[in-house]
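Some notes on the structure that comes next.
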There are 2 protein chains.
Amino acid sequence: MNTDTALTALAALAHPTRLEAFRLLVQHEPEGLSTGQLVDASGLTQSTFSTHLAVLAKAGLVKSEKRGRQFIQRAEIDALKGLMLFLAKDCCQGRAELCEPLLAELACC
Amino acid sequence: MNTDTALTALAALAHPTRLEAFRLLVQHEPEGLSTGQLVDASGLTQSTFSTHLAVLAKAGLVKSEKRGRQFIQRAEIDALKGLMLFLAKDCCQGRAELCEPLLAELACC
DNA sequence: AAGACCTATCGGAAAAATACGATGCATTTA
DNA sequence: TAAATGCATCGTATTTTTCCGATAGGTCTT
């Protein structure tokens, strides 16, 4: 994960509709949800949500799989992992003392 | 860290200038850097960078302290920690099997 | 006290993001 | 084959973001 990739992922998640959709998909791992289900959950127009979904897909946070005449969307946990690793490296670059308390709290989940 | 706070933090980091400034400040913990040093590093106008810095400050990612006639900026590691915890909870909500490999990689830093 | 320095804020122009309806393509159903 | 379903894309209007120069308020120096 380089800086550009991280920036794209951050921008993709920095929108209420997209963050909520991504969280919903994470909760529905590994089965996923159809695009239509996500549209319904968003409360937005189908076309508008499609644009948001494209942003998540372009960022690599969501992958889609054709299933009949609908698409099943799934969260890419590895992409989230990559983003968190990128953020963590910011504070741990040769300074474990900054990162240790962070990891300690993360371990609780 | 609630959803709104996380969204604000994500949006604040989702810009090249702001992400770079934040990373620079993390690297310079705990001494910090003056606003002027950050302006020079950004290559932008003083006023333009000041706006970016305000976004980071509003998101709670950066705190400033008056020091003579300049301001020393410092990264708020706890805010970063909070954001990462928020993201991690997305994938660990009652499903440790998703989060374990993530934590395993984080532990390496 | 006057001038230099550091930073925030205002006003405005240019660029990007957001939202919608309409349309088109592929797939399933009838 | 014809109609209906599921989704992406296009065109476009509105809003938001981004950037700059100019200005103003403190703080230090002289």
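Below, read A as the first sequence line, B as the second, and so on, with proteins coming before strands; counting in each chain starts at 1.
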Without decimals, in angstroms, what is the distance between B:Leu19 CG and D:dT18 P? 13 Å

Presence of donor-acceptor pair under 3.5 Å, side chain of A:Thr35 and base of D:dG6: no

Rounded to the Å, how far apart are A:Lys58 NZ and C:dA16 P? 13 Å

A:Leu38 atom CG is separated from D:dA8 atom C1', nearest whole Å, by 15 Å

Which nucleotide, C:dT18, C:dA19, C:dA8, lies nearest any side-chain atom of A:Thr48? C:dA19

Rounding to an integer number of Å, can you tell me how far A:Arg67 CZ sits from C:dT28 C1'? 15 Å

Nearest of D:dT5, C:dT18, C:dT7 to any side-chain atom of A:Arg69? D:dT5

Can you list the steps and then say if A:His15 with A:Val55 is a side-chain contact (heavy atoms from CB on, under 4.5 Å)? CA-CA 10 Å; A:His15 187 281; A:Val55 173; over 6 Å; no

Report the nucleotide, chosen from C:dT27, C:dT7, C:dG21, that has the shortest atom-to-atom distance to any side-chain atom of A:Lys66. C:dT27

Determine whether B:Phe22 and B:Leu80 make a side-chain contact, defined as any pair of heavy atoms from C-beta on separated by less than 4.5 Å. yes

Minimum-distance nucleotide to A:Leu53 side chain [options: D:dA8, C:dT7, C:dA26]: D:dA8

Rounded to the nearest angstrom, tell me the gap between atom CD in A:Gln73 and atom C1' in D:dA8. 11 Å

Using a 4.5 Å cut-off on heavy atoms from C-beta on, say whether the side chain of A:Leu56 contacts that of A:His52. no

Would you say C:dG21 has OP1 or OP2 under 4.0 Å from some side-chain N or O of A:Thr45? yes

Specify the closest pair of heavy atoms between B:Ala41 and B:Leu24, including all atoms of both residues, with the distance to one decimal. CB-CD2, 3.7 Å

Among the nucleotides D:dA8, C:dA19, D:dT18, whichever has the atom closest to the side chain of A:Ser50 is D:dA8

Here the distance between atom C1' of C:dA16 and atom NE2 of A:His15, to the nearest Å, is 13 Å

Rounded to the nearest angstrom, tell me the gap between atom CG in A:Leu56 and atom P in C:dT18. 11 Å

Which nucleotide, D:dC19, C:dT18, D:dC7, lies nearest any side-chain atom of B:Leu44? D:dC19

Round to the nearest Å and state the distance from A:Asp40 atom CG to D:dG6 atom C1'. 12 Å

Sorted by position of nearest nucleotide on DNA chain C, 5' first, the leading residue of A:Thr51 and B:Gly36 is B:Gly36

From C:dG21, C:dT7, D:dC19, pick the nucleotide closest to the side chain of B:His52? D:dC19

Side-chain contact, heavy-atom cut-off 4.5 Å: A:Thr35 with A:Gln73? yes

What nucleotide among D:dC7, C:dT7, D:dT27 has an atom nearest to a side-chain atom of A:Phe71? D:dC7

Classify B:Gln70 by what it touches in the nucleic acid, base, sugar-phosphate, or nothing, heavy-atom distance under 4.0 Å. sugar-phosphate

